[in-house]
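For reference, the structure is listed below as structure tokens.
Note that the numbering runs from 1 along the sequence shown for the chain.
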Amino acid sequence: MRTKLTACALVTTLAITGCANMNDTQKKTATGAGAGAVAGAVLGAVTGPGGWGRAAVGAAIGGLVGGGAGYLWGNHMEKQKQEMQTATQGTGVEVVQTQDNRIKVSIPSDISFATNSATLSPQFKTILRDLATTLKNNPSTSITVIGYTDNTGTDAINIPLSRQRAESVMNYLVSQGVASSRFTVEGKGSSDPIANNDTAAGRAQNRRVEIYVGERAK
């Protein structure tokens, strides 16, 4: 029995190992996957022929369920990431693959919004037009837009402003032909900073918009 429990613990550990490098949303997904993996392992062990020999299969299924079905990464997602990297080359925009298999597009404040504004800059519109092309060519993916601010001001100001910025990005992409049904928008204000808010340079980095593109596992 100890060996069996150790195996379950190992499954959980492997499912959440990357949490230290994830944001809040990704951490919740990974933690859910770990919990689902354990439940799946136990289910696989106690049902049907094969007993604990089925634990690995149960863990895999449970991990997908617990993680909200997770995201798939295949050749088409890699191709889309490369297209986005080409479209944003030299602009300061960063395009990477996340640990939960989504494309993350990080847009810094100096090319997105003026201070205390949710109006898109002309340069940002150009970037979004190019991104819209790849999004329209991959209609099965979901899109999450998250806005952030620095810690100047209160949450009563920052959270609505950050959401307005995310909505501005969504609305412009929709105007370029991307289906509105694919979007989720969030405004997180000054939460989850990526730099030190004690310096002007750090606050500038924290005033940002992130776009996540992923294909759900079915």
So, taking the atom named [atom1] in [X] and the one named [atom2] in [Y], what distance separates them when rounded to the nearest 0.5 Å?
X	Y	atom1	atom2	result
Gln205	Ser106	CD	OG	11.0 Å
Ile107	Glu94	CD1	CD	10.5 Å
Leu135	Arg182	CG	CZ	5.5 Å
Asn138	Thr133	CG	OG1	11.0 Å

(message) Is it the case that over 12 heavy atoms from other parts of the model lie below 6.0 angstrom from the NZ atom of Lys79?
(response) no
(request) Check whether more than 12 heavy atoms from other residues, nucleotides or ligands sit under 6.0 Å from atom CG of Asn196, and answer yes or no. (result) yes
Any side-chain donor near an acceptor of the partner, [X] and [Y], under 3.5 Å:
X	Y	result
Arg165	Ser168	no
Asn197	Asn206	yes
Arg207	Tyr148	no

Can a donor-acceptor pair be found, under 3.5 Å and without considering hydrogens, that links the side chain of [X] to the backbone of [Y]?
X	Y	answer
Thr149	Ser162	no
Ser142	Gly214	yes
Arg163	Val185	yes
Lys125	Tyr172	no

Look at the side-chain heavy atoms of Ile, Leu, Val, Met, Phe, Trp and Tyr, link any pair under 4.5 Å apart, and say whether [X] and [Y] land in one connected group.
X	Y	answer
Tyr71	Ile143	no
Val174	Val105	yes
Val178	Val169	yes
Val145	Ile159	no
Ile211	Ile146	no

Closest non-hydrogen atom pair, [X] against [Y]:
X	Y	answer
Gly147	Ala166	N-CB, 3.8 Å
Thr141	Met77	CG2-SD, 3.9 Å
Thr98	Lys104	CG2-CB, 3.5 Å
Thr91	Gln123	O-NE2, 4.4 Å
Thr134	Gln80	O-NE2, 3.6 Å
Leu120	Leu128	CD1-CD1, 4.0 Å

Would you mind reporting whether [Y] and [X] have side-chain heavy atoms less than 4.5 Å apart?
X	Y	answer
Gln89	Gln85	no
Asp100	Tyr212	no
Thr144	Arg102	yes
Thr88	Asp130	no
Pro108	Arg208	no

(request) Would you mind telling me which of Glu78, Met84, Glu83, Gln97 makes a side chain to side chain contact (heavy atoms under 4.5 Å, CB included) with Ile103? (result) Met84
(message) Please list all pairs meeting ring-ring contact (aromatic ring centres under 6.0 Å, His included) that have one or both residues in residues 98-132, counting only residues at least two apart or in different chains.
(response) Phe113-Phe124
